[in-house]
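Labels below follow one simple rule: chain letters A, B, ... track the order of the sequence lines, proteins then strands, and each chain is numbered from 1.
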Amino acid sequence: MTYHPKSEFMSVMMKRGFLADCTDYQGLDDALSNGVVPAYIGYDATAKSLHIGHLLNIMVLRWFQKTGHKPITLMGGGTTKVGDPSFRADERPLLDEAAINANIDGMQKVFANYLSYGDGASDAIMLNNAEWLDDLNYLSFLRDIGRHFSVNRMLSFESVKSRLDREQSLSFLEFNYMILQAYDFLEINRRYNCLLQMGGSDQWGNIVNGIDLTRRVLDHEIYGLTTPLLTTSDGKKMGKSQGGAIWLNGDMLSPYEFWQFWRNTTDADTGRFLKLYTELPVEECNRLGALEGSEINAAKIILANEVTTLLHGADAAKAAEATAREVFEKGGVGDDLPTLTLSTDDLGDGISIGQLIVRAGLAGSGKEAKRLIAENGAKLNDEPLTNPGLMIDAAALAQPIKLSAGKKRHALVQLG
RNA sequence: GGGGAGUUGGCAGAGCGGUCAAAUGCGGCGGACUGUAAAUCCGUUGGGGCAACCCACCUAGGUUCGAAUCCUAGACUCCCCA
């Protein structure tokens, strides 16, 4: 792959490591050089917030807009109504329309931090595939769209084949999912003249299907581009830390905790992440990522600041950094720590320390909190907690108290 | 429509009347070492409760001194045949 791109967007993608594959480098590059191109990425509407796994693609859209093009965020409002069956382990309850729309609202808030939406030529737009899926007529869909799909070919897709090989059941619904996704591309091309779909490399098959379908039905030439599936350098899936997902919505994960996630990046990933998740010049990223030993911590702080600034703003990033410095370097308390505020009603005659740890989000269950105490991992105002039966009452909360789980996770509890 | 297999902790997967809160692995958490990194090592790991104690192997009944294990019914999942 020694293609030398003309367009700024392609050049950024390649330089910064966003590019996994492209259906037609030359064709896409030409199109991008000849004017404003709309491109979309699809998102499920199943969760209330986007998480860090989505961030890579959001950055792609951001660059896309920065280099003069029109990003489209497609919400799977219609497909979500059917329920994506690919993770059918625990049959999740189907979401109703209100829940789906609430999810979409939550996500839009996040997108708005990265993209500017509006009516201008290169302003981003948000679509919902319910727009064209809701009123589909089965028979005409079969006749117009279904005839372009060869079951023989669909069976050869890796996602399908592996299921069949393992003799796992594959429902007809799930089998149809790829058709609906292809149809999305067709409709977005037809309605919004969208020329490009992007996505993770696991979406390659779906993207190609959409391209083929659009060519057959409309005779339009359109393109696909995929980003690598990111794993951390030790091979784990990106985006998990201390048990919880790294959400992008501030009310689900505080800016401080978000900042901490990036601060704790592995050495080997630092340079790569700088290129992917920040907008610092590539040379700077390379320089920072190449720092040795403990010096690379400075690079990680820059990474955390940059990424947090994009999502939550510069003030939030600064506050997170200040708090981190306070907590880790001075062993003190920063005001940006996750804070649990209790009313006197909540408190009643007193609440056990175990409950408090759970309420503060430092443990998932009372048993876990107790375990933490037993393992000497819990601290109260930096004093090791030894008594699992300790009761906290209003008097003990006259001053806010600092709870710690291990060395890295801290929270404040105050009376409010 | 008929026949068969199955449902165990976050996941994978043992157990098939007592010694089972339940092997093992993964994951998670804590500790040591460091640089708030990685690797490694050690420990820990169902839930509720301040506690005593209680609830827990799909659900509801039953048999038994005793059930995750046996019986009955139901729900769900998968496979094969039509």
Side-chain angles (χ1 to χ4, degrees), chain A residues 85 87-93 163-174 231-237 239-246 256-274 288-305 308 320-332 334 336-337 347-359 361-379 384-393 396 403-410:
Chain A
F87 313 95
R88 53 198 349 259
D90 46 346
E91 77 258 24
R92 79 170 71 121
R163 289 287 280 281
L164 296 179
D165 287 349
R166 276 179 291 161
E167 300 203 330
Q168 286 179 347
S169 150
L170 178 75
S171 71
F172 185 62
L173 174 67
E174 183 167 2
T231 51
T232 52
S233 60
D234 47 324
K236 289 188 194 118
K237 225 191 249 157
K240 285 288 183 108
S241 129
Q242 65 211 30
I246 305 299
Y256 169 77
E257 290 167 285
F258 184 76
W259 192 93
Q260 278 297 318
F261 171 81
W262 295 100
R263 171 65 247 262
N264 285 316
T265 300
T266 302
D267 289 8
D269 290 327
T270 307
R272 197 159 53 110
F273 284 3
L274 280 164
L288 289 169
L291 292 174
E292 299 272 336
S294 59
E295 286 192 359
I296 200 166
N297 280 329
K300 294 181 188 179
I301 290 171
I302 292 171
L303 173 68
N305 279 335
T308 307
E321 186 186 357
T323 293
R325 188 154 280 149
E326 188 65 34
V327 171
F328 285 96
E329 290 172 23
K330 302 188 189 141
D336 208 28
L337 284 179
L347 204 55
D349 294 333
I351 182 169
S352 71
I353 190 68
Q355 276 306 296
L356 211 53
I357 290 173
V358 173
R359 294 279 296 272
L362 295 176
S365 68
K367 290 283 187 226
E368 213 171 276
K370 227 167 286 173
R371 213 175 289 141
L372 203 57
I373 294 169
E375 288 171 337
N376 278 320
K379 295 207 190 73
L385 255 176
T386 46
N387 174 16
L390 185 64
M391 297 297 288
I392 302 294
D393 55 20
L403 289 176
S404 310
K407 283 184 298 199
K408 290 205 232 170
R409 295 153 58 222
H410 309 278

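Distance noted for atom C1' between B:U8 and B:A67: 14 Å (whole Å). Spacing of P atoms, B:C71 relative to B:U64, comes out at 15 Å, to the nearest Å. The separation of B:G18 from B:C70, taken at their P atoms, amounts to 11 Å, rounded to a whole angstrom. Between B:C11 and B:G4, the distance separating the two C1' atoms is 27 Å to the nearest Å. Distance check on atom P: B:U44 versus B:G25 gives 13 Å, rounded to whole Å. B:G31 sits 30 Å from B:C20 when the C1' atoms are compared, rounded to a whole Å. Using C1' as the reference atom, B:C57 and B:G10 are 16 Å apart when rounded to the nearest Å. Separating the P atom of B:U72 from that of B:A5 is a span of 13 Å, rounded to the nearest Å.
Nucleotide B:U7: paired with B:A75 (Watson-Crick or G-U wobble, both distances less than 3.5 Å). The partner of B:C33 cannot be assigned: no Watson-Crick or G-U wobble pair with both contacts below 3.5 Å exists in any strand. Partner assigned to B:U44 is B:G28, using Watson-Crick or G-U wobble distances below 3.5 angstrom. Pairing for B:G1 goes to B:C81, judged as Watson-Crick or G-U wobble with the two contacts each under 3.5 Å. Pairing of B:C16, defined by two Watson-Crick or G-U wobble distances under 3.5 Å, is not identified with any nucleotide. Figure legend. B:A52 is base-paired to no nucleotide; pairs are counted as Watson-Crick or G-U wobble with both atom distances under 3.5 Å.
Residues A:I357 and A:I373 have side chains in contact (heavy-atom distance under 4.5 Å, counting atoms from C-beta outward). For the pair A:E295/A:E292, no side-chain contact is recorded, criterion being any heavy-atom separation below 4.5 Å from C-beta on. A:Y256 places none of its side-chain heavy atoms less than 4.5 Å from the side chain of A:T308. Looking at heavy atoms from C-beta onward, A:W259 lies in side-chain contact with A:I301 at the 4.5 angstrom threshold.
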Collect all protein-nucleotide pairs involving nucleotides 8-10 of chain B in which both atoms are nitrogen or oxygen and the distance is under 3.5 Å.
none

Which atom pairs link the protein and nucleotides 41-45 of chain B when you take only N or O atoms and keep those under 3.5 Å?
from	atom 1	to	atom 2	distance (Å)
B:G43	N2	A:E375	OE2	3.0
B:U44	O4'	A:E375	OE2	3.4
B:U44	O2'	A:E375	OE2	3.1

All N/O contacts under 3.5 Å from nucleotides 48-50 of chain B to the protein, with atom names and distances to one decimal?
from	atom 1	to	atom 2	distance (Å)
B:G48	OP1	A:G366	N	3.3
B:G48	OP2	A:G366	N	3.1
B:G48	OP2	A:K367	N	3.2
B:G48	N7	A:K367	NZ	3.3
B:G48	O6	A:K367	NZ	3.0
B:G49	OP1	A:Q355	NE2	3.1
B:G49	OP2	A:Q355	NE2	2.9
B:G49	O6	A:K367	NZ	2.8
B:G49	O6	A:K370	NZ	3.3

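The residue A:T270 sits apart from the nucleic acid: no heavy atom pair falls under 4.0 Å. Across all strands, A:A405 comes closer than 4.0 Å only to sugar-phosphate atoms, never to a base (heavy-atom distances).
Between A:N376 and A:W259, the residue anchored closer to the 5' end of RNA chain B is A:N376, taking for each the nucleotide with the nearest heavy atom. For A:F328 and A:K379, each mapped to the nucleotide of RNA chain B holding its nearest heavy atom, the one lying further toward the 5' end belongs to A:K379.
Per the geometry, NZ belonging to A:K300 stands 8 Å off C1' belonging to B:U36, to the nearest Å. The separation between A:E292 atom CD and B:A37 atom C1' is 13 Å, rounded to whole Å. Per the geometry, CG belonging to A:L385 stands 15 Å off P belonging to B:G30, to the nearest Å. Look at CG on A:N264: it is 16 Å from C1' on B:A39, rounded to the nearest Å. When the P atom of B:A37 is taken as reference, atom CG of A:L291 falls 17 Å away, rounded to whole Å. Rounded to whole Å, the distance from CG on A:L372 to P on B:C29 is 11 Å. Rounded to whole angstrom, the span from the CD1 atom of A:I296 across to the P atom of B:U36 amounts to 14 Å. In this entry the distance linking NZ of A:K408 with C1' of B:A38 reads 11 Å, nearest Å.
Contact detail for A:G354 and A:A369: the closest heavy-atom pair is O-CB, 3.6 Å. Residues A:A324 and A:Q260 share a closest heavy-atom pair of CB-NE2, 3.6 Å. Heavy atoms only, all atoms of each residue included: A:A299 and A:L291 are closest at CB-CD1, 4.2 Å. The minimum heavy-atom distance linking A:A405 with A:L372 is given by the pair CB-CD2, 3.5 Å. Scanning all heavy atoms of the two residues, the minimum distance from A:S404 to A:H410 falls at OG-ND1, 2.9 Å.
Judged by atom type and distance alone, A:K407 reaches the base of B:U34 through a side-chain donor-acceptor pair under 3.5 Å.
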Trace of the side-chain contact (heavy atoms from CB on, under 4.5 Å) decision for A:N297 with A:R263: CA-CA 8 Å; A:N297 280 329; A:R263 171 65 247 262; 2.5 Å; yes

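A donor-acceptor pair is defined here as one N or O able to donate and one able to accept, closer than 3.5 Å; such a pair exists between the side chain of A:K300 and the backbone of A:T265. Between the side chain of A:T266 and the backbone N or O of A:D269 there is no donor-acceptor pair closer than 3.5 Å.
Heavy-atom neighbours of A:D349 CG from other residues, nucleotides or ligands within 6.0 Å: at or below the threshold of 12.
In this structure, the separation between CG on A:L356 and CD1 on A:I392 is 6.0 Å, given to the nearest 0.5 Å.
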